[in-house]
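Since the structure comes first, as structure tokens, the remarks are kept for the end.
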Amino acid sequence: MAMTCMEALGAYGLRSLGMGQRALPKGDEITLCEQVILIGSGLIWNLYFAVLALAIGFFIATALGLMKSSDQPWLRQPAAGFVFIFRGSPLFIQFFFVYAVLVSLPKIDASLTLGSLELGFSTRWFTKAWLGALIVLVLNTSAYAAEIFYGALRSVPHGDVEAAKAYGLPPVARFRRVVWPTLLRLAWPAYTNEAIFLFHATTLVFFSSFPTWRQSGDALYYANYFAEKTFNPFVAYPIAAGWFILVTLILIALFGTVNAYLNRHIAPGERRRVRYRPQFMR
Amino acid sequence: MFEYCSNSDSLANLQWLACYLTTLKHQSLYWSILTVLLLLAVTAPLAIALGLSGALARRSPFAVVRSLGWGYTSMVRGIPDLIFFLFVPLAMDQLLEYVRHRVLCPQETGPVWIGHDFVVCSAAKLPLGPSPEWVHDTYGFILAVVAFAIVFGAFCANVIHGAMNAVPRTQLETARAYGLSPRQVMLRVHLPQTWIYALPGLSNVWMILIKATPLLFLMGVEDIVYWAKELGGTKSARFSDFPHGDWRIYYFTGLLVFYLLFTWVSQIGLKRLTDKVSRGQATMAGGKGGA
């Protein structure tokens, strides 16, 4: 029998995390509600990958951007090489390559006991999407963001740095209080583009080498499931597209708020607006 | 390929490798590189043509055309390209078969989406059932090209729209003051200058396009990713003259190197092109070095 929308929400709202009803909708009983809810449920994975990859990648990218603009060749060259490799090759191939490397790792299970808490660890986790694919996305966004931060760092006005030196600010404080805020402000519009592009790129995870476990996949995984089961691409894919447009608009609003904060000391007429321009990225 | 390959048991290392790398399946891998190049060669001009149409549509005097242009340029900003790559080939295939079904089999008036099935008469099938394999392959490749052209046309439309806005307004006003018609202003003054402003953005789209070509694999085309997966997997001595373990790492390393070289060479080429066409233009790059 067909489900009502509320029943579908209960059964499939958290299905992508393995909670709720195990069996996916099949055959003639597939309702529109089930499609909207299950595809929305898959969006949790897209958000998981995007939020964590951006949060971790942000710090790695800052370090890489600084390394790349260093005078020391032993700092500059590894950073430049890393950025070249991850920006110059397709993310899709990176998934396949890293998966092949991770699968060949020796299988080790370890556990660590801290008082009453026991932490288990297994190298098998690397071959699972939640860790393995996350690592690839972190490395990838780090490279793209590093290039953005490197470019912004080179645009920081020299006078600002001179003034900070004249005030006797030590190097660490100079970076933290003068260079970094300006760098972020200059980089933010491009970084917003990168964040949206990375969010969209998370759809690749379950279509590359990483296997899904118990049919727990992302939004596009379920959209593809429905398109195959119903032989009708005109419903499931537009639903997925609608979900992605919604989250993209929220992302733009969030990054716009941060941009306003970073520009709060600039006269309104001279502020740079955040505009999402995909052509200048990636 | 080589004569000594006929007896695969008694080969020295280098000979073994030479024979291994020239098996029929490896030749398919090398041919599939041409598939990638062909995709690029066909998609790039199509995408620029679609991009130009999209950008011109956004400046149309008719509100309907304008909003169509806006929708086309905006869709790739909010929707992941992978959705289009999965959706467009399937949708195109069904639309074509639907139209053919209505035209070629007028006697069948029932619905084509019956429950959760898509049923058309056998004369409407694309490609026709008994067609040889290469027809099926070509049809699949054409659907993939259409998907690529639509997505990258939208990227190009964004770039060209921005570039058209970047052409100095005074240039257009001067042209109008000389009595040129709107059409002449567009063809003789506006568009020729658009390209120089669009080139950096289009270069970027080209790089994105190169890095999107492995997605052919997801559209069922036997591309380099398909063959790398196929050839890299473990081969036992029972089914292969060249048994080996899991070599996927080596094959994907090869693909990484291929794409790195491709993007690197493209970058150098595009830099030269930009420098060349910037000379003498009223832009920052053109003004450099004094004129």
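In the text below, chain A, chain B and the rest are named by the order of the sequence lines, each starting its count at 1. Because the structure is a prediction, the values reported are computed rather than measured.
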Mind checking whether B:Phe155 and A:Phe197 have parallel, tilted or perpendicular rings, split at 30° and 60°?
-> parallel
Looking at residues at least two apart in the chain, or sitting in another chain, which of them share a side chain to side chain donor-acceptor pair (under 3.5 Å) with A:Ser89?
-> A:Gln94
Is there side-chain contact between [X] and [Y], with heavy atoms separated by less than 4.5 Å?
| X | Y | value |
| --- | --- | --- |
| A:Leu204 | B:Leu215 | yes |
| A:Phe207 | B:Leu86 | yes |
| B:Ile249 | A:Ser104 | yes |

For each of A:Asn224, A:Val101, A:Leu246, A:Asn232, tally heavy-atom pairs with chain B at distances under 4.5 Å, and name the one with the top tally.
->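 Ranked by heavy-atom pairs under 4.5 Å with chain B, first place is A:Asn232.
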Apply the test side-chain contact (heavy atoms from CB on, under 4.5 Å) to residues B:Ile79 and A:Thr248: give CA-CA distance (whole Å), side-chain angles for both, the deciding distance (0.1 Å), then the verdict.
-> CA-CA 8 Å; B:Ile79 304 169; A:Thr248 304; over 6 Å; no
Chain A contact via B:Ser203 - which portion, at a heavy-atom distance below 4.5 Å =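 The answer is neither part of B:Ser203.
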Could you look at B:Phe262 and say if it's the side chain, the backbone, both or neither that has a heavy atom under 4.5 Å from chain A?
->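 B:Phe262 has no heavy atom closer than 4.5 Å to chain A.
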Do A:Phe234 and B:Phe87 have ring centres separated by under 6.0 Å?
-> yes
Is the side chain of B:Lys211 donor-acceptor paired with the backbone N or O of A:Arg87 at a distance under 3.5 Å, no angle test?
-> yes
Under 3.5 Å, side chain of A:His200 to main-chain N/O of B:Asp81, donor-acceptor pair present?
->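 No; zero donor-acceptor contacts below 3.5 Å.
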Using non-hydrogen atoms only, which part of [X] is less than 4.5 Å away from chain B: side chain, backbone, both, or neither?
| X | answer |
| --- | --- |
| A:Tyr99 | neither |
| A:Ser208 | neither |
| A:Leu249 | neither |

Supply the atom-to-atom distance A:Tyr237 OH to B:Leu82 CG, rounded to the nearest 0.5 angstrom.
->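 These two atoms lie 8.5 Å from each other.
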Top of B:Leu256, B:Ile210, B:Thr263 for chain A proximity - count of heavy-atom pairs under 4.5 angstrom | B:Leu256
Tell me whether the count of non-hydrogen atoms from other residues, nucleotides or ligands lying under 6.0 Å of [atom1] in [X] goes above 12.
| X | atom1 | result |
| --- | --- | --- |
| A:Arg154 | CZ | no |
| B:Gln267 | CD | no |
| B:Trp264 | CH2 | no |
| A:Trp130 | CH2 | yes |

Considering all heavy atoms of both residues, which atom of B:Leu90 and which atom of A:Pro233 are nearest to each other, and what is their separation?
-> CD2-CB, 3.7 Å
Looking only at heavy atoms, which two atoms of B:Pro214 and A:Phe92 are closest? And how far apart?
-> O-CE2, 3.5 Å
Evaluate side-chain contact (heavy atoms from CB on, under 4.5 Å) for B:Tyr251 paired with A:Phe96, printing each intermediate quantity in order.
-> CA-CA 10 Å; B:Tyr251 281 90; A:Phe96 278 103; over 6 Å; no
Residue list, side-chain contact (heavy atoms from CB on, under 4.5 Å) with A:Asn46, at least two apart or on another chain =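 Applying side-chain contact (heavy atoms from CB on, under 4.5 Å) to A:Asn46 gives A:Leu43, A:Phe199, A:Thr202, A:Thr203, A:Asp218, A:Ala219, A:Phe244.
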side-chain contact (heavy atoms from CB on, under 4.5 Å) partners for B:Leu46, two or more places apart = B:Val42, B:Val145, B:Ala149
Sort by residue number and list every member of residues 93-102 of chain B having a non-hydrogen atom under 4.5 Å from chain A.
-> B:Gln94, B:Leu95
